[in-house]
Structures are given as structure tokens and as C-alpha cells.
A.B. asks: 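Structure incoming, see below.
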There are 2 protein chains.
Amino acid sequence: MEHTKSTNTNVTIKDVARTAGVSIATVSRILNGSAGVSEELAARVNAAVDMLEYRPNAVARALKERKSRSIGLVIPDIENPFFPSLVRGAEDAARQQGYAVILCNTDGNAVEEDRYIQFLFSKQVDGILFIGGIESQGNLEMLADLPVPVVTLDRRAATGKLSAVVYDNYQGAILAVEHLIKTGRKKIAFISGPLKSSSSIDRRRGFNDTLDKFSLPVNEKLTFVGNYSFDSGYQAIKELIEKKESFDAIFAANDMMAIGAIEALLEASIRVPEDIAIVGFDDIRLAFWHKPSLTTVRQPAYEMGQAAVAMLIKQMSSTSAEVLEQKFLPELIVRKSTENQGAEHETKAIRE
Amino acid sequence: MEHTKSTNTNVTIKDVARTAGVSIATVSRILNGSAGVSEELAARVNAAVDMLEYRPNAVARALKERKSRSIGLVIPDIENPFFPSLVRGAEDAARQQGYAVILCNTDGNAVEEDRYIQFLFSKQVDGILFIGGIESQGNLEMLADLPVPVVTLDRRAATGKLSAVVYDNYQGAILAVEHLIKTGRKKIAFISGPLKSSSSIDRRRGFNDTLDKFSLPVNEKLTFVGNYSFDSGYQAIKELIEKKESFDAIFAANDMMAIGAIEALLEASIRVPEDIAIVGFDDIRLAFWHKPSLTTVRQPAYEMGQAAVAMLIKQMSSTSAEVLEQKFLPELIVRKSTENQGAEHETKAIRE
DNA sequence: ATGAAAGCGCTAACAG
DNA sequence: CTGTTAGCGCTTTCAT
């Protein structure tokens, strides 16, 4: 079945001007609420606008004004359960200010990141919210020289050149490990994220420092390097079980690995939390729904996305390129996976 | 800390022309690979481009060419676990063709949908991939008259005016219910989606028709209307248990409600699948990770997103506005939640 | 208070 | 093969 495309596609400011019997300058003024417009002409113009169903051409406006009213949002992967909330927060904040969001998935690949940055620059985006992968150190430096405001969520950017929304991963790890220790666990296995990731480094540091603080030994045999995937958590604990290492708790550097770890435990008929307690990181929705539900360190993704875009817009409208930073603090969410039977019920500990 | 913004923001085709000692037309020709260009000038121009780090201004190009090389992606909510895969599929397909994707979350609210459609139109997007909520009937009709190609995932659009990627919800429901019946279940409760949603209507029809086919009675007391949320599945089954209705299986019109239902069952110490078998719909990742894992009807979200954008791009480059349709077929994924102990192991049934 | 006209950066006739 | 020029739709001086 075919039908011809609607033809009166483009009604421009010129058509409105002609219909209303005024100049295009007048139409423009009225549309943009500029000063000095006679009531009468305004009425005629508005009538013409309604009648013709005129919609301003944002592309022409962008060319003239040199701002596109759109921002680029560069993330590793929207399918990673951490990002949907963040993206939603970012989008809500952007829309509220009339900005379009261009979504870019890079899989954390530095080459793709670079391609997308060039693409966005060419598209004349007014700002970029950049969340890189573990290889993006080089791109971060390049971004700092881009003549477009950039906000990142990466701590490494805090070289004083790039604005950032940061999260205290170190403190978060401390919260997690202290919780395990205080509920009586002593031999804590650790599943780290990728060694080069800055968030991962901070979480590892928090883990080590807390063990030190409580004079517990750091046992290398209980430490694994994962890649934040379900599978790497599963493999780590499977290996641990096969080697018959002794441990009574696990701290996983994110929730997906924690859930993978639980899978390995359950397959070996090890009970959670009775035999092994486990705490994750991020508080993705699955942490709540999983059986057993997962104790975790919450990262407020929606709010961070929102804050990042707010910061970006602030930078875009200021001429002095001040480098901003906003810090979010972790919060421990206690659920079933660390419940001490018989022990007094832990309450949700809020760390401000 | 402050530092002045990099100043040489805008290097234009003019600068390249001057540096290379040619006219802007020549630069444009070389950049766009047009015919007849002397090797020598091409080399000079490319050198200038590299040296000045010239990047074409896509906004100016869009104004001139009357196409923006961007498409709008309107969805209810990226936080709904069904959408991330679909969005990723759409984005991958778009990027491959050099299109930017503008993401728009509407919460299925018709007013927001309309606002976003106007916004995208104003932005001169070359096409729109529209996934509406239950109230969007009116917007669907409006979209059909928009002078911009539109592809939707809504069956209701199949009035012959809007191209669509569709999914056979009816057949999917049949697969689910037949599976329950063939594994020996007879009193099947049904948690429907919202009554006005077209996918929901089809799934309900599949449920009823299959019971009929096997001469099983449709018991109104075992039928509930949910809203696709975890909570509505939970509430439905909680009510069923409190009323002490007798049933041996549940078909939930999506996975989130199925998982909510399981929660209610477990709270009442009813075992899944031993006492009650349950099958969901969509095959979100959680269906795989949940304990017990959930038998469900798979909807290939990534592929559908990809196909929808491919279809959109095809429409954009064709002058005859042919109305296209591509259909995806359901596939039953059998997991723990319907396992019959003692019975022969079900294998993954693939319906082509 | 309103209109005429320049120009944002680019592509594509049109001329030579 | 290369350059000159018009014009995409809009905002904004600069006149009037």
C-alpha cells in the first residue's frame, strides 16, 4: 500500500509573515517574546502560526545561535543494569531545560568513545556527559581540551580540568566490609572489578584498609579480579570452592558479580547467609528482587545522572569555565544476604 | 579553579579554503568525495583539514541538505527492563548508518508523547521510532499524518498507515498456556496486562482461546488485571491466596508480574514449581537470574529495535512512502518455574 | 514599533 | 577542474 507523503512539509517563518502581513523579523520577535510588540500584530501572527501549524526549525535556529540545545550522553552500555536509572535521571534533567539527549553506547571501547566524541562535536552539541570505560584515560585528557563543556563521572578526571560528579567508592567499600566484620565475619573473600578502573581501585583500597583497621590479614588467596559481570563472580567463587579455601563472607565490587557468586555457592549447596554472608555494590534493582535479596552499597544512579546534567547546563551557560565537582556519598542497604540468624536485626544504616 | 575556554572553537570550511589556497566549493567537493578533483588540491585541502583539525558543522549541513541525520526514539521508560535491549539494538543500527539517536522517555503519557513528537519534529529528525503507552491511540493517528517517516512497535498502528515491527503476542500466549496444560496443569490463573494495551489484549485472547481449545473452563475468579508491575503481580496472587481459590498454575502477561506473583507464593510457603507452576512473558534478563528461574515467552527486544531502525532508514531513503511491516515470532523458554519433577525434562522449544 | 538586510556554515547550481 | 554565488530558516543589528 502506498500513499503520497504529505506535501506541505515545511512551513517557515516566511509563510507566517506573509499570512499575517508582517515582516519575518516581527514574527521572530513575537515568537521569542522580545520587547516591543504591538498587541495587534502579535494576535495576527499567533493566528497565522496556529492556522499554518508552524513549528520553528530548530536546525536553522541552532546554526544562527550557535547552540544546538542538545547534549551528548556517552556511556558504556545501556544494557548494563547500572545505567538505565542514570540515563533516565539525565534525560529528565535535560528535557526540563529543553535539551535533547543523544545517546551513545561505546562498550567502554576507547576507539568508539573517540568516534562518538568527534561525532557529537560535529553535531554541535552544547555539552557532553561522558562516562568512560577502563581504557578511556586518553580520551579524558582529550575531552578537557574540547571547546565544549564536559562533565564526567570519573574520579580520574579530577585533575582539575574536567568537571565531575563523583561518588565515594572508598567509603562505600569501608561501609560494606565493616558491616561484614561487625556481624561476626572474619575471613572475607573479595571479588574486585577490573584493575584499571578507578572506581574499582577505590573499592579495593577500602577493602584492604578496613581489614587492616580491624587487624585482619589480607589473604591473597581470597582475592579475585573480575570484570563486573555475572560470570566473573560465578567463576571466582567456583574456583574458591574447588580449592577448598576457608572463608565466611564475600565482598563483591558490584551486584552482578555478587549474584554470580551466590549462584556458585548455591550450586555447591552452601547457604547464604547462614554459611557465607555476601555484600555487593551499586544497588541495582535486581539486588532487591534476587533470592536471597542482596545487602549492598547503594549508588544513587538516577540522582547522579540528574546532577551531572544540571552541572553540565550550568557550565554551558557560564562563560568562565569553572571546574565543578559534586560528591555523592554511599549508603549501606542491609538485606537478607548478610542476615545473622539470632542476631538482632540490622536496620538500614544511612551514611550521610 | 578557572581557565579560559579554548578559543579556536570554530574552524570552518572557509578557514580550510584559505589555508589550502582554494575556494570553499573545492573544499566541500573534496570532503564529500564528489567527482573531478585534482590530486594536488585534494592533498592540499586534506593537509589543511588535518592541520586545523577541521570538523564539518553538521548543523549547517543539515540546514542545507534538509536532513539532520538523527532520529527520535520515543519509549515509555528506559528503566523498564524490557527497553534497554531494544534501545541498544536501535542505537547500534542507527550508528552504523551515521544517525544520531535522540532518546525520549514519556512514561507512556500521551501528553508527554505529544510534546516529544513536536519537539522532534522541530529538531528536524529524519524519522521517529515510536513506542507508545496504552493511551497513545490518538498520537498514533497523528503520527500517520506527520511529514516524517515513523515506525512503531504497536499492532494498533497496522491500520495501513504506519509502518510497524510487530510481535505475535497471541501466538506467544498460546505457547505459554499449552506448555502449562501439557505439563499437567488444569486450573490456570491469569494475570493480564492493562485492558487497553494491544499486546495485553492479544495475550489475553491467546489465554482464553487455548483454554477453550483444551475444553478447560475460563474461571473469572482466577483472572486479574495488572499493570505490568512487580507489585500488581504480587497483589493479584496475594488476593487469590487469601480467598483460598484453588489453582495449580499461573500465566502472567509479563515477567515482572510473574516475579511479583512468585514473591506472594513464597511468602505463603507455596512452592514453585512443585505446587504452582508459573510462566511469564518477555524474557527479560531477570527471568534467567531469578530463583527459581522463570519459564517465559521470549520477545527478541534487541533484534526488534534493530529491525525497527533498519525499517525507518529504509523509509527515509525511499520517496514512495510504502507502509512496511515486519513480524517477529515468539519462542518459549522453559526454565525451573514450570519444571515437572519426575516428568521428562522439557527442552527449549523453539517456535519458528 | 516595524522592516530590510546581513550572515550563521554549508552544498550545489552555474560559469568559466 | 575550479571558483562565484545563491540560499537553506532563522535571529539580530541597523535604519526608519
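In the text below, chain A, chain B and the rest are named by the order of the sequence lines, each starting its count at 1. All values reported here derive from a predicted model rather than from experimental measurement.
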A.B. asks: Please list all pairs meeting side-chain hydrogen bond (donor to acceptor under 3.5 Å, both in side chains) that have one or both residues in residues 46-60 of chain A, counting only residues at least two apart or in different chains.
C.D. replies: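 Non-adjacent pairs meeting side-chain hydrogen bond (donor to acceptor under 3.5 Å, both in side chains): A:R55-B:Q118.
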A.B. asks: For nucleotides 14-16 of chain C, print each protein N/O atom paired with a nucleotide N/O atom at under 3.5 Å, atom names and distance only.
C.D. replies:
none

A.B. asks: Could I get the full list of side chain to side chain donor-acceptor pair (under 3.5 Å) partners for B:T106, not counting sequence neighbours?
C.D. replies: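 B:T106 satisfies side chain to side chain donor-acceptor pair (under 3.5 Å) with no residue once adjacent residues are dropped.
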A.B. asks: Residues two or more places apart in sequence or in another chain: which of them pass salt bridge (Lys or Arg N to Asp or Glu O under 4.0 Å) with B:E40?
C.D. replies: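 For B:E40 the salt bridge (Lys or Arg N to Asp or Glu O under 4.0 Å) partners, ignoring immediate neighbours, are B:R44.
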A.B. asks: Measure CG/A:N10 against C1'/D:dC10 and give the value in whole Å, please.
C.D. replies: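 Answer to the nearest Å: 14 Å.
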A.B. asks: For B:K14 and C:dT11, what is the distance between atoms NZ and C1' respectively, to the nearest whole Å?
C.D. replies: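 Distance check: B:K14 NZ to C:dT11 C1' gives 15 Å.
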A.B. asks: Do you know the tightest heavy-atom contact between B:A164 and B:V151?
C.D. replies: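 Reported closest heavy-atom pair: CA-CG1, 4.4 Å.
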A.B. asks: Rounded to whole Å, how long is the line connecting atom CG of B:D15 with atom P of C:dG9?
C.D. replies: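 B:D15 atom CG is separated from C:dG9 atom P by 9 Å.
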A.B. asks: Bend angle of the helix from C:dA1-D:dT16 to C:dG16-D:dC1 from five-pair axes at both ends, rounded to 10°?
C.D. replies: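 Result, rounded to 10 degrees: 50°.
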A.B. asks: Output yes when a side-chain donor or acceptor of B:D107 lies under 3.5 Å from a complementary backbone atom of B:N109, and no otherwise.
C.D. replies: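 No: the side chain of B:D107 does not pair with the backbone of B:N109.
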A.B. asks: Tell me which nucleotide among C:dT11, D:dT2, D:dG9 gets nearest to the side chain of A:T12.
C.D. replies: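 Closest of the options to the side chain of A:T12: D:dG9.
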A.B. asks: Do A:N32 and A:S28 pair up side chain to side chain, a donor and an acceptor below 3.5 Å, judged on atom types alone?
C.D. replies: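 A:N32 vs A:S28: donor-acceptor pair found between side chains.
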A.B. asks: Enumerate the salt bridge (Lys or Arg N to Asp or Glu O under 4.0 Å) contacts for residues 120-143 of chain B, please, sequence neighbours excluded, ordered by first and then second residue.
C.D. replies: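 Listed by first then second residue: nothing to list.
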A.B. asks: Examine D:dC10: is either OP1 or OP2 under 4.0 Å from a nitrogen or oxygen in the side chain of A:S28? Give yes or no.
C.D. replies: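 So the side chain of A:S28 is outside the cut-off, no N or O lying under 4.0 Å from OP1 or OP2 of D:dC10.
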A.B. asks: With respect to the side chain of A:S38, which nucleotide from C:dC10, D:dT2, C:dT2 is positioned closest?
C.D. replies: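 Selected nucleotide (nearest to the side chain): C:dT2.
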A.B. asks: For residues 301-312 of chain B, dump all side-chain donor-acceptor pairs below 3.5 Å to protein atoms at least two apart in sequence or in another chain.
C.D. replies:
unit_1 : atom_1 : unit_2 : atom_2 : d
B:Y302 : OH     : B:D92  : OD2    : 2.5

A.B. asks: Rounded to whole Å, please give me the gap between CD1 in A:I30 and P in C:dA1.
C.D. replies: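 Whole-Å distance recorded here is 12 Å.
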A.B. asks: Where the side chain of B:T26 is defined as all heavy atoms beyond and including C-beta, which of C:dT11, D:dT2, C:dT2 is the nearest nucleotide?
C.D. replies: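 Nearest to the side-chain atoms of B:T26, counting from C-beta on, is D:dT2.
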A.B. asks: Is the backbone of B:V323 close enough, under 3.5 Å, to the side chain of B:Q315 for a donor and an acceptor to pair up by distance?
C.D. replies: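 No; judged by distance alone, with no hydrogens or angles, the pair does not exist.
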A.B. asks: In chain order, what residues pass the side chain to side chain donor-acceptor pair (under 3.5 Å) check against B:S23, with sequence neighbours excluded?
C.D. replies: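 Once residues adjacent in sequence are excluded, the partners of B:S23 under the side chain to side chain donor-acceptor pair (under 3.5 Å) criterion are B:T26.
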A.B. asks: Who passes salt bridge (Lys or Arg N to Asp or Glu O under 4.0 Å) against A:R115, sequence neighbours left out?
C.D. replies: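 Listed in chain order: A:E112.
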A.B. asks: In residues 39-51 of chain B, what residues come within less than 4.0 Å of DNA chain D, judged by heavy atoms?
C.D. replies: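 Residues of residues 39-51 of chain B that come under 4.0 Å of DNA chain D are, in numerical order, B:L41.
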A.B. asks: Write down the distance between CD1 (B:I24) and C1' (C:dA13), rounded to a whole number of angstrom.
C.D. replies: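 Going from CD1 in B:I24 over to C1' in C:dA13 covers 13 Å.
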A.B. asks: Could you check how far CZ of A:R55 sits from P of D:dG9, rounded to whole Å?
C.D. replies: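 Answer to the nearest Å: 17 Å.
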A.B. asks: Among C:dC10, D:dT11, C:dT2, which is the nearest nucleotide to the side chain of B:Y54?
C.D. replies: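 For the B:Y54 side chain, the nearest candidate turns out to be C:dC10.
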A.B. asks: If you only use heavy atoms from C-beta on, which nucleotide in C:dT2, D:dC10, C:dG9 is closest to the side chain of A:I13?
C.D. replies: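 Closest nucleotide among those given: D:dC10.
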A.B. asks: Could you check B:L73, B:L86, B:N105 and say which one makes a side-chain contact (heavy atoms from CB on, under 4.5 Å) with B:I78?
C.D. replies: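 Only match with B:I78 under side-chain contact (heavy atoms from CB on, under 4.5 Å): B:N105.
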A.B. asks: So, does B:D15 use its side chain to make a donor-acceptor pair with the main chain of B:T12 at under 3.5 Å?
C.D. replies: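 Side chain of B:D15 to backbone of B:T12, a donor-acceptor pair under 3.5 Å: yes, one is there.
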A.B. asks: At a heavy-atom distance below 4.0 Å, what parts of residues 57-69 of chain B sit against DNA chain C?
C.D. replies: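 Of all residues in residues 57-69 of chain B, the ones placing a heavy atom under 4.0 Å from DNA chain C are B:N57, B:A60, B:R61, B:K64, B:E65.
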A.B. asks: Of all residues at least two apart in sequence or in a different chain, which pass the side chain to side chain donor-acceptor pair (under 3.5 Å) check with B:S136?
C.D. replies: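 Once residues adjacent in sequence are excluded, B:S136 has no partner under the side chain to side chain donor-acceptor pair (under 3.5 Å) criterion.
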